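These figures come from a predicted structure and were not determined experimentally.
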Amino acid sequence: MSSVRLTEFSHGAGCACKLGPEELSQVLEPVRGHSASTHPDLLVGVSTSDDAGVFSLGNGTALVQTMDIFTPVVDGPADWGRIAAANALSDVYAMGGSPITALQYLAWPRGTLDFEIAGQVIEGGLEVMAKAGCTVVGGHSIDSPEPTYGFAITGTVPSDRYVSNAGAGPGDRLVLTKPLGVGIITTAIKRGTCPPDVAARAIESMTTLNELAGAALVTHGASGATDVTGFGLLGHLRELCLGSGVAATVEMGRVPVLPGARALLEAGMWAGGSQRNLESVSTFVRSSVAESELKLLADAQTSGGIMAALPVDRVEDYLAAVPGAVTIGHFSPGAGIIVTT
């Protein structure tokens, strides 16, 4: 079983498998405004493209709910499980919430992959859920040609203190808490060309919880936030800009990138999902950097960092509270994204 490469059983890698922004918008069209997706106590729904829904319980507390599943992003079963768990939890953290329970989902190719491998995937997921203090209360499994794993997470947040992607204001600073390049590296892993040390750093990043980054959003008064996953930094920043009615400037020289990612990109490690990301923001972005740099910003991330809008006087405290967090730009009046050197 040690010779099994899980990524060979996946048509894509992790969050790069997600539907593109335009495709998702089309799919969600029947949901918008439907009676099943509206309620007086619904504080955050599908209208702002947020990371999770927020529903008030009427006692000063709100539920935060999300779901994330994907196909193998790395070859190690336990690592895949750990990454899937961290990725699902991230949506709750990005809203400033605390996860409390989880339901796990497993699709497994009966007769193709040993069930012992599935057990290792689940063990990895449970390890991270325990670390997050999130109780796995059940789940669902099916026979499927392609292995898929993930979680539906329920968390809580004070109903007057949740953080959405609709609150960024002109003058706010743009902060990122994890380096980019995961999609490029996982593409190389899938193609069997990734150096082991580069893969190890990417796995470490993907399995690092956004717990501190999420808690600090509330503690240090973030105006808005989202996590950086399948749509890449530019795609999720576009959602933040549109939801908030502001423009953004990204200083490429400040953006952290995982070691080895640029070399792998130069060698052609580029996912189809990331290419769709780049095409989807083409009319929204003005750039003075090379296309390779834009590709890094459009790279489909799995279990990426938190991207936050913070008032100027709150930035230093946030950076001090969140290891690895850096300021990469700012927000201003207007629309669109400008990428500078």
Side-chain angles (χ1 to χ4, degrees), residues 1 4 6-7 9-19 24 27-28 31 36-37 45-46 50-55 57 62-95 97-157 186 203 206-211 214 227 229-230 302-304:
M1 281 181 287
V4 171
L6 284 176
T7 55
F9 295 86
S10 169
H11 73 282
C15 288
C17 295
K18 292 184 177 181
L19 295 179
L24 183 59
V27 169
L28 290 179
V31 181
S37 64
V46 300
D50 264 291
D51 296 290
V54 181
F55 191 93
L57 296 178
L63 292 179
V64 183
Q65 294 182 291
T66 185
M67 182 176 184
D68 247 304
I69 64 173
F70 52 70
T71 52
V73 66
V74 293
D75 289 318
D79 283 337
W80 176 31
R82 293 165 62 214
I83 292 166
N87 182 74
L89 289 162
S90 183
D91 285 341
V92 173
Y93 294 138
M95 305 296 292
S98 301
I100 53 174
T101 62
L103 294 167
Q104 63 180 338
Y105 170 86
L106 175 71
W108 203 253
R110 176 191 289 122
T112 303
L113 282 172
D114 196 298
F115 285 115
E116 186 176 342
I117 299 175
Q120 294 171 20
V121 175
I122 290 173
E123 286 179 3
L126 295 179
E127 174 191 330
V128 169
M129 286 297 167
K131 183 177 181 181
C134 186
T135 303
V136 178
V137 297
H140 183 69
S141 63
I142 63 168
D143 178 21
S144 171
E146 190 172 36
T148 310
Y149 184 63
F151 293 87
I153 311 289
T154 296
T156 60
V157 68
T186 54
I203 291 170
M206 288 186 284
T207 55
T208 298
L209 291 175
N210 281 323
E211 184 175 15
D227 65 346
T229 53
T302 299
S303 192

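- In this structure, the separation between OG on Ser144 and CZ on Arg110 is 11.0 Å, given to the nearest 0.5 Å.
- Taking 4.5 Å as the limit, every side-chain heavy atom of Pro145 sits out of range of all side-chain heavy atoms of Pro109.
- In plain terms, the two heavy atoms of Leu6 and Pro77 that are nearest each other are CD1-CA, 3.6 Å.
- Ala102 approaches Ile153 most closely through the heavy-atom pair CB-CD1, 3.6 Å.
- Listed here is the closest heavy atom pair of Asn210 and Ser90: ND2-OG, 2.8 Å.
- Contacts of Thr135 classified as side chain to side chain contact (heavy atoms under 4.5 Å, CB included), with partners at least two apart in sequence or in another chain: Val137.
- The shortest heavy-atom contact between Pro72 and Thr7 is O-CG2, 4.0 Å.
- Residues Tyr105 and Thr148 are in side-chain contact: their nearest non-hydrogen atoms beyond the backbone lie under 4.5 Å apart.
- Side-chain contact between Leu89 and Leu209 is present, with at least one heavy-atom pair separated by less than 4.5 Å.
- Contact annotation: the side chain of Leu103 never approaches that of Val136 to less than 4.5 Å [non-hydrogen atoms, C-beta and beyond].
- The structure places OG1 of Thr156 at 9.0 Å from CG of Leu57, a figure rounded to the nearest 0.5 Å.
- Between Thr112 and Phe9 there is a side-chain heavy-atom pair separated by less than 4.5 Å.
- The side-chain heavy atoms of Val157 and Val54, taken from C-beta on, include a pair separated by under 4.5 Å.
- Taking CG of Asp79 as the start and CD of Gln120 as the end, the distance is 10.5 Å to the nearest 0.5 Å.
- Taking CD from Glu211 and NZ from Lys131, the interatomic distance works out to 8.5 Å, rounded to the nearest 0.5 Å.
- The backbone N or O of Ala94 lies less than 3.5 Å from no partner atom in the side chain of Asp51, so there is not a single donor-acceptor pair.
- The two residues Ala118 and Leu106 make their nearest non-hydrogen contact at CB-CD2, 4.1 Å.
- Looking at residues two or more places apart in sequence or on another chain, you find a salt bridge (Lys or Arg N to Asp or Glu O under 4.0 Å) between Glu127 and Arg82.
- Of the possible donor and acceptor atoms, one in the side chain of Asp114 sits under 3.5 Å from a partner among the backbone N and O of Glu116.
- Counting only heavy atoms from C-beta outward, the side chains of Met67 and Asp91 never approach each other to under 4.5 Å.
- Between Thr71 and Ser10 the shortest heavy-atom distance is OG1-OG, 2.9 Å.
- Using a 4.5 Å heavy-atom threshold, the side chains of Thr154 and Val64 count as separate.
- Between the side chains of Asn87 and Ser303, no donor N or O sits under 3.5 Å from an acceptor N or O.
- Note on ring orientation: taking the six-membered ring where Trp is involved, the planes of Trp80 and Trp108 are parallel (angle under 30°, cut-offs 30° and 60°).
- For the atom pair OG1 (Thr302) and CD1 (Ile203), the distance works out to 11.5 Å, reported to the nearest 0.5 Å.
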